[in-house]
Chemist: 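Below are the structure tokens for one structure; questions will follow.
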Amino acid sequence: MMGILDRFRKQDVGGDARSDHSAALQLKDFHPLDTGFDKKILALSEEFGKMELPDRIPCDRDQFIALLAGVPALRKTPGIPGPGESGADYFTTLPRCASPEAEAECRAHLKKVFGITDRQTLSDFCTKEICCNREYMDFVGFWEGNPPFDMADLNRKALPYFQEMRDFSAEFYPIVGRAGYLAWDICECMGHLRTGYACGILTREELDEMADYWIAQAQIFKNWADFAVSVVCGELYWDLRGSSVSGLHMGFDLWTRLVRTLLNDSNAWGSGMWYESAGNLS
């Protein structure tokens, strides 16, 4: 599906490197904005690293699907029991609506808020409205000297927008490297798969088929602390697409609290449970 930047096309580099990955590269057109969020994300990465979470304790596939949807699971979705209404395995099990009435309530919510009525509209919503990492990887291509398109193809309105989004993202590159915003995409898309399955919009077979891609993608992360930092970076970028840098602080504070909640919960990300697919990307 076409993302925001697919309608445009273009890019630029320089910059300090705080990771072995970026330090080893001769970056091009690298001009990070000075918003201060890089310092916040670096502090968050250091804080989460000190938690010394287990690096990957094997779990089954369903548990992992549920864990990948951890942040969305913290939200109350009509028709689905919330965290306070379920037991200790809330973050490691896939919910189902308890009655036809609850299922209808959940479906009505998905339709009204997201325009989701079936598998195709769910997939389209995630691709068009949620996913950000494809855009980040476009930026990486320019920074690393493998531009995915010619910046000259961008129109006059698109160019400054692209440059702002690229340079904002450059702040995070020395910290998260090529993982970028991937965890945000995974977490939010898995959240919609979780909800779609709960109310019967997705069959079990469709859930498994659609989850396979994200399970494989998740293998790039060392553990949940690593994953959580990428989630917050992606949330900041997603917010910026419809806001301004000055408007991002509230979202940052909220999402920091959410991922901390999961990391501090031994029944959620704090458990260290991780499923490694046959197509392990790590």
Side-chain angles (χ1 to χ4, degrees), residues 3-5 10-53 55 131-149 151 160-187 217-241 243-249 251-253 255-256 258-260 263 269 281-282:
I4 288 177
L5 298 178
K10 191 143 186 173
Q11 187 136 17
D12 253 268
V13 107
D16 80 304
R18 287 188 217 119
S19 71
D20 293 340
H21 174 78
S22 56
L25 295 170
Q26 201 66 26
L27 300 178
K28 300 176 175 62
D29 297 336
F30 194 78
H31 306 292
L33 293 179
D34 184 13
T35 69
F37 279 110
D38 58 334
K39 299 177 182 64
K40 288 176 178 285
I41 292 296
L42 183 60
L44 208 61
S45 178
E46 292 172 347
E47 174 196 335
F48 293 165
K50 290 175 183 175
M51 288 181 169
E52 298 182 350
L53 298 177
D55 270 354
C131 294
C132 295
N133 202 56
R134 181 174 47 194
E135 295 166 17
Y136 180 87
M137 293 309 297
D138 277 352
F139 305 147
V140 168
F142 283 97
W143 298 330
E144 295 184 357
N146 299 296
F149 55 82
M151 285 243 290
Y161 173 83
F162 184 93
Q163 290 174 321
E164 178 187 9
M165 303 304 276
R166 174 204 64 196
D167 295 346
F168 176 81
S169 298
E171 289 192 277
F172 307 133
Y173 178 77
I175 304 167
V176 296
R178 295 178 126 255
Y181 305 143
L182 180 58
W184 156 268
D185 289 6
I186 295 171
C187 197
Q217 292 294 305
Q219 304 309 320
I220 194 174
F221 297 100
K222 181 175 69 175
N223 59 20
W224 291 110
D226 195 25
F227 187 85
V229 174
S230 174
V231 168
V232 176
C233 289
E235 183 277 330
L236 288 169
Y237 182 83
W238 187 82
D239 271 2
L240 183 61
R241 297 199 303 186
S243 180
S244 63
V245 170
S246 62
L248 301 183
H249 294 279
F252 174 82
D253 291 342
W255 278 76
T256 297
L258 294 174
V259 297
R260 265 202 202 104
L263 290 170
W269 293 356
L281 301 180
S282 63

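Throughout, residue positions are numbered sequentially from 1 according to the sequence presented. Atoms considered below: every heavy atom in the structure, side chains included; atoms not considered: hydrogens, waters and symmetry mates.
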Chemist: I'd like to know if the side chain of Asp185 reaches the main chain of Cys132, judged simply by a donor and an acceptor atom lying under 3.5 Å from each other, with no hydrogens or angles considered.
Modeler: yes
Chemist: Got a second to check how far Phe227's CZ is from Cys187's SG, nearest 0.5 Å?
Modeler: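 One gets 5.0 Å once the value is rounded to the nearest 0.5 Å.
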Chemist: Not counting sequence neighbours, which residues clear salt bridge (Lys or Arg N to Asp or Glu O under 4.0 Å) with Glu47? List them please.
Modeler: Arg260
Chemist: Please give me the minimum heavy-atom distance between Glu144 and Leu27, naming the atom from each residue.
Modeler: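 In terms of heavy atoms, the two residues are closest at CG-CD2, 4.5 Å.
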Chemist: For Trp238, does the CH2 atom sit with more than 12 other heavy atoms under 6.0 Å from it, leaving out its own atoms?
Modeler: no
Chemist: Are any non-hydrogen side-chain atoms of Trp255 and Leu44 less than 4.5 angstrom apart?
Modeler: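 SC-SC contact between Trp255 and Leu44 ruled out.
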Chemist: Atom CG in Leu53, atom CG in Asp226: separation rounded to 0.5 Å?
Modeler: 10.5 Å
Chemist: Angle between ring planes, Trp143 versus Phe139, binned at 30° and 60°: parallel, tilted or perpendicular?
Modeler: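 Correct class here is tilted.
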Chemist: Checking side chain to side chain contact (heavy atoms under 4.5 Å, CB included) for the pair Val140/Tyr173: CA distance, chi angles, key distance, verdict?
Modeler: CA-CA 8 Å; Val140 168; Tyr173 178 77; 4.2 Å; yes
Chemist: Let me see the working for Phe142 and Phe162 under side chain to side chain contact (heavy atoms under 4.5 Å, CB included), right down to the final yes or no.
Modeler: CA-CA 12 Å; Phe142 283 97; Phe162 184 93; 4.0 Å; yes
Chemist: Got a sec, which residues hit side-chain hydrogen bond (donor to acceptor under 3.5 Å, both in side chains) with Asn223, two or more places apart in sequence or on another chain?
Modeler: Asp55
Chemist: Among all residues two or more places apart in sequence or in another chain, which pass the side chain to side chain contact (heavy atoms under 4.5 Å, CB included) test with Ala228?
Modeler: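 Applying side chain to side chain contact (heavy atoms under 4.5 Å, CB included) to Ala228 gives Phe48, Val259, Leu263, Trp269.
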Chemist: If you look at every heavy atom in Ser230 and Ala179, which pair is closest and at what distance?
Modeler: OG-O, 3.9 Å
Chemist: In Å and rounded to the nearest 0.5 Å, what is the CG to CG distance from Leu258 to Asp253?
Modeler: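 Between atom CG of Leu258 and atom CG of Asp253 there are 11.0 Å.
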Chemist: State which residues pass side-chain hydrogen bond (donor to acceptor under 3.5 Å, both in side chains) with Thr35; sequence neighbours excluded, sorted by chain then number.
Modeler: Glu171
Chemist: Between Leu236 and Ile41, does the side chain to side chain contact (heavy atoms under 4.5 Å, CB included) criterion hold? Intermediate values first, please.
Modeler: CA-CA 10 Å; Leu236 288 169; Ile41 292 296; 4.2 Å; yes
Chemist: Would you call Leu33 and Gln163 a side-chain contact if the rule is heavy atoms closer than 4.5 Å?
Modeler: no
Chemist: Please lay out, stage by stage, how Asp239 and Glu235 fare under the test side chain to side chain contact (heavy atoms under 4.5 Å, CB included).
Modeler: CA-CA 6 Å; Asp239 271 2; Glu235 183 277 330; 2.4 Å; yes
Chemist: Of the non-hydrogen atoms in Ser169 and Met165, which two are nearest, and what is the gap between them?
Modeler: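 Minimum heavy-atom contact is OG-O, 2.9 Å.
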Chemist: Hey, what do you get for CD1 (Ile175) to CD (Glu46), rounding to the nearest 0.5 Å?
Modeler: 8.5 Å
Chemist: Applying ring pair (Phe, Tyr, Trp, His ring centres under 6.0 Å), can you list everything that pairs with Phe252, at least two apart in sequence or on another chain?
Modeler: Phe37
Chemist: In chain order, what residues pass the ring pair (Phe, Tyr, Trp, His ring centres under 6.0 Å) check against Phe172, with sequence neighbours excluded?
Modeler: Phe168
Chemist: Cys233 and Gly180: which non-hydrogen atoms are nearest, and at how many Å?
Modeler: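 Looking at all heavy atoms of both residues, the shortest contact is CB-O, 4.5 Å.
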Chemist: Between Gly247 and Ser243, which heavy-atom pair has the shortest distance, and what is it?
Modeler: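 Shortest heavy-atom separation between Gly247 and Ser243 comes out as CA-OG, 3.9 Å.
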Chemist: What I'd like to find out is whether the side chain of Tyr136 reaches to under 4.5 Å of the side chain of Leu182, using heavy atoms alone.
Modeler: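 No; the side chains remain at least 4.5 Å from each other.
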Chemist: Give, for atom CG of Asp38 and atom OG of Ser45, the distance between the pair rounded to the nearest 0.5 Å.
Modeler: 12.5 Å
Chemist: Kindly compute the distance separating CD (Glu164) from CG (Leu240), expressed to the nearest 0.5 Å.
Modeler: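 Going from CD on Glu164 over to CG on Leu240, the span is 5.5 Å.
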